[in-house]
A.B. asks: 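One structure is given below, represented as structure tokens, and several questions about it will come after.
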Protein chains: 2
Amino acid sequence: MHQDKREHIITKAIELFAEKGFEGSSIRDLASIADVNIAMVNYYFGSKEKLYEAVIEKRVLYMRDFIDNVLSNTSLSLIDQLDLIIDGFVNRFLSDPLYHRVLQQELLVSKRAQMHQRIIELIIKNAKDVINIIEKGIRNKEFKKADPELIFASILGTISQVMLSKTLCNCLMEKPIEFNPYADKKIQQRLSAHIKQFVHALLTK
Amino acid sequence: MHQDKREHIITKAIELFAEKGFEGSSIRDLASIADVNIAMVNYYFGSKEKLYEAVIEKRVLYMRDFIDNVLSNTSLSLIDQLDLIIDGFVNRFLSDPLYHRVLQQELLVSKRAQMHQRIIELIIKNAKDVINIIEKGIRNKEFKKADPELIFASILGTISQVMLSKTLCNCLMEKPIEFNPYADKKIQQRLSAHIKQFVHALLTK
DNA sequence: AAAAACAATTTAAACATTTGTTTAAATTAA
DNA sequence: TTAATTTAAACAAATGTTTAAATTGTTTTT
């Protein structure tokens with residue numbers, strides 16, 4: 001019961017932070033949409049900032065186990081590993097657009113240096129894995145020469161660009177404004193296919 | 001003199017908003033770093049929100065005339081047009097990272113629907129131009145089949161990803177933390193080359 | 001099983017700060 | 001003298017947080 005209420009507040013907090021940003025969200029707004037007393041946030045989390053940390057931590061390790069899984073499968077070719085990782089990235093990001101939005105906001109404002117650093121370290125770890133695969137392929141002559149760090153930036157950047165603004169995404173894709181592109185399987189498939197396409201075009205001979 | 005002071009406040013406001021976000025910046029902070037009285041913001045701009053609009057408007061048309069220029073040069077091949085536009089994008093974004101950061105923040109939080117819409121319209125206009133060039137090339141059989149909308153997303157997304165966090169960028173590029181990657185000509189060149197490389201790999205036969 | 005005691009949760013009210021903004025007087029420029 | 005600018009002080013509203021009492025849930029005692 002205690003945990004349930006904690007989780008409920010976190011869930012509503014993600015929604016609010018994603019829409020208004022951390023500084024733009026008030027405890028009173030949160031209490032209102034979560035339908036709890038304003039003192040409950042401090043009761044359960046200690047402070048607004050601690051709640052924010054709980055929000056971030058909730059899913060921060062979500063991506064890791066997946067990549068570790070791919071890497072440990074030694075029967076896969078390098079390009080198959082990349083394809084799997086791209087599918088995984090697209091899938092996991094699109095499955096939780098609100099959380100991704102909160103992370104992006106945190107990287108874009110530097111009010112909490114410590115949390116900033118925490119998120120960066122996680123991204124870097126993912127990046128290094130992708131870069132390693134690409135570099136290995138280039139050394140092998142299996143891949144063409146390319147810029148591994150910036151290929152990673154393109155993979156992540158393409159996804160983030162699509163997720164930056166629902167309205168922008170719908171305008172670009174000629175969808176109605178109220179359409180939710182991130183929940184759409186076709187869009188997800190299309191995004192995944194496009195990223196794999198340019199990675200293939202860049203690397204495979 | 002009046003204009004000078006206005007401009008000075010805007011310049012300092014961009015710095016502050018880029019670092020702390022709009023909601024995270026206070027008039028008192030701004031007055032302090034701009035070295036003016038706290039009443040001056042309201043005197044010159046009317047309100048904090050109006051100041052913010054002035055900040056956004058200041059360079060909002062910066063990209064347009066450049067693209068129009070490229071498009072009006074009929075002697076250029078389609079792929080040369082794309083290359084020029086990519087160079088222009090990279091150059092203009094990296095030349096003003098603080099402004100770009102403010103724009104990104106505004107797209108990421110939806111507190112001011114009207115300004116949101118204004119920025120999206122500008123991006124869409126740029127996007128349509130790029131997409132048109134790609135579609136024309138595909139119809140011509142000059143280009144391979146590809147996803148024009150998502151190629152635009154990859155171009156813009158790659159740049160934005162690099163500019164998302166200085167620390168993240170330096171970590172990825174193996175530069176010291178205090179290094180300023182956006183002012184570095186080599187990084188700019190490298191980013192530009194990478195984007196052109198994957199656009200070429202996707203489109204040219 | 002009922003009562004009492006205790007701890008955990010919830011509440012409304014109050015707290016001290018900080019916020020954007022306004023005011024009215026003082027200063028400078030025209 | 002008039003208008004434009006600058007200033008310090010004050011304003012009301014909103015903010016995160018705390019408090020102390022009320023309620024609910026759980027455990028212990030009878």
A.B. asks: Can a cation-pi geometry be assigned to Lys48(A) and Phe22(A), taking NZ or CZ under 6.0 Å from the six-membered ring centre and within 45° of the ring axis?
C.D. replies: yes
A.B. asks: CG of Asp35(B) versus P of dT6(D): gap in Å, rounded?
C.D. replies: 12 Å
A.B. asks: Expressed as a whole number of angstroms, how long is the span from Asn37(B):CG to dA25(C):P?
C.D. replies: 17 Å
A.B. asks: Applying ring pair (Phe, Tyr, Trp, His ring centres under 6.0 Å), can you list everything that pairs with His116(A), at least two apart in sequence or on another chain?
C.D. replies: none
A.B. asks: What's touching nucleotides 28-30 of chain C from the protein side, N or O pairs under 3.5 Å?
C.D. replies:
none

A.B. asks: Apply side chain to side chain donor-acceptor pair (under 3.5 Å) to Asp87(B) and list each qualifying residue two or more places apart in sequence or on a separate chain.
C.D. replies: Ser192(B), Lys196(B)
A.B. asks: In whole Å, what is the span from the OH atom of Tyr43(A) to the C1' atom of dT24(D)?
C.D. replies: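 Going from Tyr43(A) (OH) to dT24(D) (C1'), I get 11 Å.
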A.B. asks: Any idea which of dA10(D), dA8(C), dG16(D) is nearest the Ile38(B) side chain?
C.D. replies: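 From the listed options, dA10(D) comes nearest.
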A.B. asks: May I ask you to decide whether Lys111(B) forms a salt bridge with Asp29(A), counting only side-chain N to carboxylate O separations under 4.0 Å?
C.D. replies: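 Answer for the salt bridge query: no.
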A.B. asks: Below 4.0 angstrom, which residues in residues 49-57 of chain B have at least one non-hydrogen atom near DNA chain C?
C.D. replies: none
A.B. asks: Considering residues at least two apart in sequence or located in another chain, which fulfil the side chain to side chain contact (heavy atoms under 4.5 Å, CB included) criterion with Ser77(B)?
C.D. replies: Ile79(B), Asp80(B)
A.B. asks: Tell me whether the count of non-hydrogen atoms from other residues, nucleotides or ligands lying under 6.0 Å of CG in Asp35(A) goes above 12.
C.D. replies: no
A.B. asks: What is the distance, to the nearest angstrom, from the CG atom on Asp4(B) to the C1' atom on dT5(D)?
C.D. replies: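 Going from CG in Asp4(B) over to C1' in dT5(D) covers 14 Å.
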A.B. asks: I'd like to know if Arg190(A) and Glu149(B) make a salt bridge, using a cut-off of under 4.0 Å between side-chain N and carboxylate O.
C.D. replies: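 Salt bridge: yes.
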A.B. asks: CE of Met40(B) versus P of dT21(C): gap in Å, rounded?
C.D. replies: 15 Å
A.B. asks: I need the residues from residues 10-28 of chain A with at least one non-hydrogen atom less than 4.0 Å from DNA chain D; give them sorted by number, or say none.
C.D. replies: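 Those residues whose heavy atoms fall under 4.0 Å from DNA chain D, taken from residues 10-28 of chain A in numerical order, are Ser25(A), Ser26(A), Ile27(A), Arg28(A).
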A.B. asks: Once you round it to whole Å, what is the distance between P of dT17(C) and NZ of Lys48(A)?
C.D. replies: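 So the two atoms are 19 Å apart, to the nearest Å.
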A.B. asks: Among Lys58(B), Arg101(B), Arg59(B), find the one that has a salt bridge (charged side-chain N to carboxylate O under 4.0 Å, His left out) with Asp96(B).
C.D. replies: Arg59(B)
A.B. asks: Could you check whether Glu174(A) pairs with Lys128(B) (Lys NZ or Arg NE/NH1/NH2 to Asp/Glu carboxylate O, under 4.0 Å)?
C.D. replies: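 Salt bridge present between Glu174(A) and Lys128(B).
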A.B. asks: Before accepting this row, confirm whether a basic side-chain N of the pair Arg118(A)/Glu57(A) lies closer than 4.0 Å to the acidic partner's carboxylate O.
C.D. replies: yes
A.B. asks: Measure from the side chain of Asn42(A), starting at C-beta and using heavy atoms only, and say which of dT11(C), dT9(C), dT17(D) lies closest.
C.D. replies: dT17(D)
A.B. asks: For Arg64(B), is there an ion pair with Asp129(B) - N to carboxylate O distance below 4.0 angstrom?
C.D. replies: yes
A.B. asks: Pick the closest DNA chain D nucleotide for Asp29(A) and for Gly46(A) by heavy atoms, then say which residue is nearer the 5' end.
C.D. replies: Asp29(A)
A.B. asks: Nearest-Å distance, NZ (Lys5(A)) to C1' (dA8(C))?
C.D. replies: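 Checked: the NZ to C1' distance equals 12 Å.
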